[in-house]
Amino acid sequence: AAKAAGKDRAVMFDPRLRQEQIDRVRMVERLRAGLANDEFTVHYQPIVDLRDGRIAAVEALARWIPPGSDPIGPDCFIPAAEDSGLIIELGERVLRRACADAAAWHRGHGVALTVNVSPRQLADPAFAAKARRAVADSGLPARALTLEITEGVLVNAGTQADQALSHLATLRGDGIRVAIDDFGTGYSSLAYLRDLPIDTLKIDKSFMPADPADLRQKALVRAVVDLARSLDLTTVAEGVETPHHADLLRELGCDRGQGYLFARPAPAARVTALLAADQAAAATLAG
Ligand code: C2E
Ligand code: MG
Ligand code: MG
Ligand code: MG
């Protein structure tokens with residue numbers, strides 16, 4: 001009888017997989033409730049110009065702190081939001097909130113904004129229209145916004161990639177920029193960098209050498225920076241944690257850096273204070 005039940009039955013009764021299914025369903029239920037209760041906020045992490053050390057932009061990062069419970073990390077809830085489609089609603093809220101916060105920072109300090117966009121959002125036929133409306137409603141100039149996408153989105157041919165490309169073409173027509181996030185972690189060919197509608201490469205944090213004496217790792221970072229520069233792309237290094245990382249990136253000509261060395265992601269109010277201090281520091285240096 002066990003044999004006749006077949007593969008599917010066997011899977012259903014595997015207690016570990018069964019538990020994973022329950023956890024998954026529960027996470028999606030909590031996400032839906034969290035959205036209904038407005039439990040999501042946005043934190044921002046500075047992206048620093050490596051030449052002058054000033055804050056050039058901030059990256060919006062979704063945060064979820066359900067009342068009376070510990071924060072749930074994006075690495076946990078973003079995949080669940082993607083699988084369930086709830087990322088479309090969550091992503092729109094993050095974009096609207098972030099554009100509204102960044103409009104004031106841009107007015108006061110010329111600071112730009114980057115926002116992560118998931119593949120699922122780019123498959124939504126209404127994405128470009130929603131994004132355009134979010135930007136227009138906020139007063140943030142379109143050219144001050146960069147959308148961060150991952151390399152897989154545009155590379156795999158098919159209707160999803162076509163839809164994504166058409167959204168990005170529309171939004172780039174408005175002046176919005178596009179960055180490839182976590183560059184170097186995917187498996188795509190390099191030829192696409194030449195052809196795709198992108199402005200910036202964000203070099204994944206796994207490229208930052210753990211050991212300053214690691215010349216092979218340094219050669220790898222140099223190759224990525226040179227490649228990006230030869231294609232006229234702005235380079236941003238993620239995971240800048242040590243002064244050695246910053247020195248290396250400056251030496252290699254990387255444009256910008258982001259990481260714990262400069263600042264951790266922080267709530268909007270802290271960023272407002274940080275920008276005021278950044279401006280004061282720059283004024284002191286200039287004076
Ligand atoms: P990401 O877009 O690559 O964002 C950078 C991540 O690196 C953030 O993690 C940030 O806190 C972390 N980080 C920054 N500096 C350092 C550093 O010096 N060292 C190390 N080890 N890590 C650093 P976070 O906030 O946990 O977000 C994780 C990922 O979740 C993001 O990676 C992004 O892929 C996704 N995510 C976050 N918010 C959103 C969102 O609103 N929409 C979408 N679609 N994805 C999001
Ligand atoms: Mg990102
Ligand atoms: Mg990234
Ligand atoms: Mg990354």
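When a ligand or atom number is given, it counts from 1 through the structure's own listing order.
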Exercise. Heavy-atom count around Arg96 CZ within 6.0 Å, excluding the residue itself: above 12?
Worked result: yes
Exercise. Is the number of heavy atoms from other residues, nucleotides or ligands within 6.0 Å of CZ (Arg250) greater than 12?
Worked result: yes
Problem set entry | Spacing of CD1 belonging to Ile78 relative to CD1 belonging to Ile72, to within rounding of 0.5 Å | 11.5 Å
Exercise. Taking atom CG of Leu154 and atom CD1 of Ile149, what is their separation to the nearest 0.5 Å?
Worked result: 4.0 Å
For this session: Determine which pairs satisfy salt bridge (Lys or Arg N to Asp or Glu O under 4.0 Å) with at least one residue from residues 207-221, sequence neighbours left out, and list them in order.
Result: Lys218-Glu251
Is the shortest side-chain N to carboxylate O distance from [X] to [Y] below 4.0 Å?
X      : Y     : answer
Arg51  : Asp49 : yes
Asp101 : Arg97 : yes
Arg24  : Glu20 : no

Whether [X] lies under 4.0 Å from ligand 1, heavy atom:
X      : value
His43  : no
Pro265 : yes
Gly73  : no

I'd like to check which ligand 1 atoms, numbered from 1 as shown, lie under 4.0 Å from a non-hydrogen atom of [X].
X      : value
Asp75  : 28 (C), 29 (C)
Asp182 : 3 (O)
Gln45  : 14 (C), 15 (N)
Glu241 : 17 (C), 18 (O), 19 (N), 20 (C), 21 (N)

Exercise. Taking the hydrophobic residues Ile, Leu, Val, Met, Phe, Trp and Tyr, and joining any pair whose side-chain heavy atoms are under 4.5 Å apart, which ones share a cluster with Ile47?
Worked result: Val236
Hey, is ligand 1 close enough to [X] that some N/O pair sits below 3.5 Å?
X      : answer
Arg63  : yes
Gln258 : no
Gln121 : no

Given [options], which has its nearest heavy atom closest to [atom]?
atom                    : options                : result
atom 7 (O) of ligand 1  : Lys205, Arg120, Glu238 : Lys205
atom 44 (N) of ligand 1 : Ser118, Ala263, Ala60  : Ser118
atom 35 (C) of ligand 1 : Val94, Thr150, Ile78   : Ile78
atom 41 (O) of ligand 1 : Gly257, Ala62, Ala179  : Ala62

Anything under 3.5 Å between a donor and an acceptor, one on a side chain of residues 59-68, the other on a protein residue two or more places apart or in another chain? List them.
from, atom 1, to, atom 2, distance (Å)
Glu59, OE1, Lys202, NZ, 3.0
Glu59, OE1, Gln258, NE2, 2.7
Glu59, OE2, Asn116, ND2, 2.8
Trp64, NE1, Glu39, OE1, 3.0

For this session: Please determine, by modelled atom types, if Asp255 and Thr235 share a side-chain donor-acceptor pair under 3.5 angstrom.
Result: yes
Problem set entry | ligand 1 versus Asp181: contacting region, heavy-atom distance under 4.0 Å | side chain
For this session: For ligand 1, indicate whether the residue Glu82 contacts it via side chain, backbone, both or neither (heavy-atom separation under 4.0 Å).
Result: neither
Problem set entry | ILVMFWY cluster, Ile203 and Leu231 together (side-chain gap under 4.5 Å) | yes
Problem set entry | Path from Phe207 to Leu190 over hydrophobic side-chain contacts below 4.5 Å | yes
Problem set entry | Steps toward side chain to side chain contact (heavy atoms under 4.5 Å, CB included) verdict (Phe40, Leu31) | CA-CA 10 Å; Phe40 292 86; Leu31 262 174; 3.6 Å; yes
For this session: Could you grab the protein N, O or S atoms closer than 2.8 Å to the Mg ion (ligand 2) for me?
Result: Glu59 OE2, Asn116 OD1, Glu148 OE1, Asp181 OD2
